[in-house]
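Step one of this worksheet: look at the structure below.
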Amino acid sequence: MQLALDEARRAALAGEVPVGAVVTDGAGAVLAVAANRVEAAQDPTCHAEFLALSAARAARGGKYLADCTLTVTLEPCAFCAGAIAAFRLGRLVFGAYDPKTGAVEHGPLLFTQPTTHHKPEIIGGVREQESAALLREFFEARRDA
């Protein structure tokens, strides 16, 4: 989670919503690290999770990441949860819960739907306070400006 938090901090400095993601393989080796790049790329699909999953898949070859773990600072949205299912990710670890746009523990609860054919192991709330503080401080600074 430390690498993901570091990426989230870099994203905030670049004016991006501070979300960072890391993909590790079954042995714990880092395959990919990414931060949100929505503003820089002017592309709404450039979420940290999606970028990290795509980079990890490219680094490994093949199309699935069944033995991998995605560690991300924020509960994934519906787009990213769908990507997690499509990549057949083995484990998802996330920091802050997102009652507004989260899709894992909130909203559509994607992995509980009978039409979702893959469900990773899910561990939420890891370094939750620190992850949530990064987001809170980022948006507070935007409101005060």
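Predicted, not measured: the structure shown is a model, and the values here were computed from it.
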Looking at Phe139, is Arg143 sitting on its ring face, NZ or CZ under 6.0 Å from the six-membered ring centre and within 45 degrees of the normal?
-> no
In terms of hydrophobic clustering (I, L, V, M, F, W, Y; side-chain heavy atoms under 4.5 Å; direct or indirect links), are Val22 and Phe94 co-clustered?
-> no
Within the side chain of Glu75, is there an N or O that forms a donor-acceptor pair under 3.5 Å with the backbone of Glu105?
-> yes
Given side chains that start at C-beta, do those of Leu51 and Cys46 come closer than 4.5 Å, heavy atoms only?
-> yes
Within one Ile-Leu-Val-Met-Phe-Trp-Tyr cluster: Val126 and Val23, side-chain cutoff 4.5 Å = no
Closest heavy-atom contact between Phe79 and Thr45?
-> CE2-O, 3.5 Å
Mind checking side-chain hydrogen bond (donor to acceptor under 3.5 Å, both in side chains) for Gln2 and listing every partner two or more places apart, or none if nothing turns up?
-> Asp6, Arg127
Atom of Arg57, atom of Gly62 and distance for their closest heavy-atom approach = NH1-O, 3.1 Å
Taking atom CD of Glu128 and atom CG of Leu74, what is their separation to the nearest 0.5 Å?
-> 10.5 Å
Cys68 SG to Leu53 CG distance, which is reported to the nearest 0.5 Å = 9.0 Å
Return all side-chain donor-acceptor pairs below 3.5 angstrom for residues 81-91, not counting sequence neighbours, or 'none' if the list is empty.
from, atom 1, to, atom 2, distance (Å)
Arg88, NH2, Tyr64, OH, 3.2
Arg91, NE, Glu121, OE1, 3.0
Arg91, NH1, Thr69, OG1, 2.9
Arg91, NH2, Glu121, OE1, 3.4

Would a hydrophobic clustering, with Ile, Leu, Val, Met, Phe, Trp and Tyr connected at side-chain separations under 4.5 Å, put Leu70 with Leu5?
-> no
Is it true that a side-chain atom of Thr101 and a backbone atom of Cys77 form a donor plus acceptor pair closer than 3.5 Å?
-> no
Do the ring planes of His106 and Tyr97 sit parallel (below 30°), tilted (30 to 60°) or perpendicular (above 60°)?
-> perpendicular
Determine, step by step, whether Val17 and Val38 satisfy the side-chain contact (heavy atoms from CB on, under 4.5 Å) criterion, reporting the C-alpha distance in whole Å, the side-chain angles of both residues, the deciding distance to 0.1 Å, and the verdict.
-> CA-CA 8 Å; Val17 174; Val38 171; over 6 Å; no
Got His47 and Val19 here, is their nearest side-chain heavy-atom distance under 4.5 Å?
-> no
Where Gly15 and Phe138 come nearest, the two heavy atoms and their spacing = O-CZ, 3.9 Å
With sequence neighbours excluded, tell me which residues meet side-chain contact (heavy atoms from CB on, under 4.5 Å) with Ala35.
-> Glu7, Ala11
dist Glu137:CD -> Arg142:CZ (nearest 0.5 Å) comes out at 12.5 Å
Nearest heavy atoms of Leu134 and Ala8, plus distance in Å | CD1-CB, 3.9 Å
In terms of hydrophobic clustering (I, L, V, M, F, W, Y; side-chain heavy atoms under 4.5 Å; direct or indirect links), are Val33 and Leu65 co-clustered?
-> no
Sub-4.5 Å side-chain heavy-atom contact between Val72 and Leu92 = yes
Do Val93 and Phe111 share a hydrophobic cluster, counting only Ile, Leu, Val, Met, Phe, Trp and Tyr and linking them when any side-chain heavy atoms are less than 4.5 Å apart?
-> no
Minimal non-hydrogen separation, Glu16 against Asn36, with atom names | CG-O, 3.3 Å
After noting the C-alpha distance and the side-chain angles of Asp67 and Arg60, does the key distance pass the side-chain contact (heavy atoms from CB on, under 4.5 Å) rule?
-> CA-CA 11 Å; Asp67 68 326; Arg60 287 224 340 208; 2.7 Å; yes
In terms of heavy-atom contacts, Ala52 and Ala32 come closest through O-CB, 3.4 Å
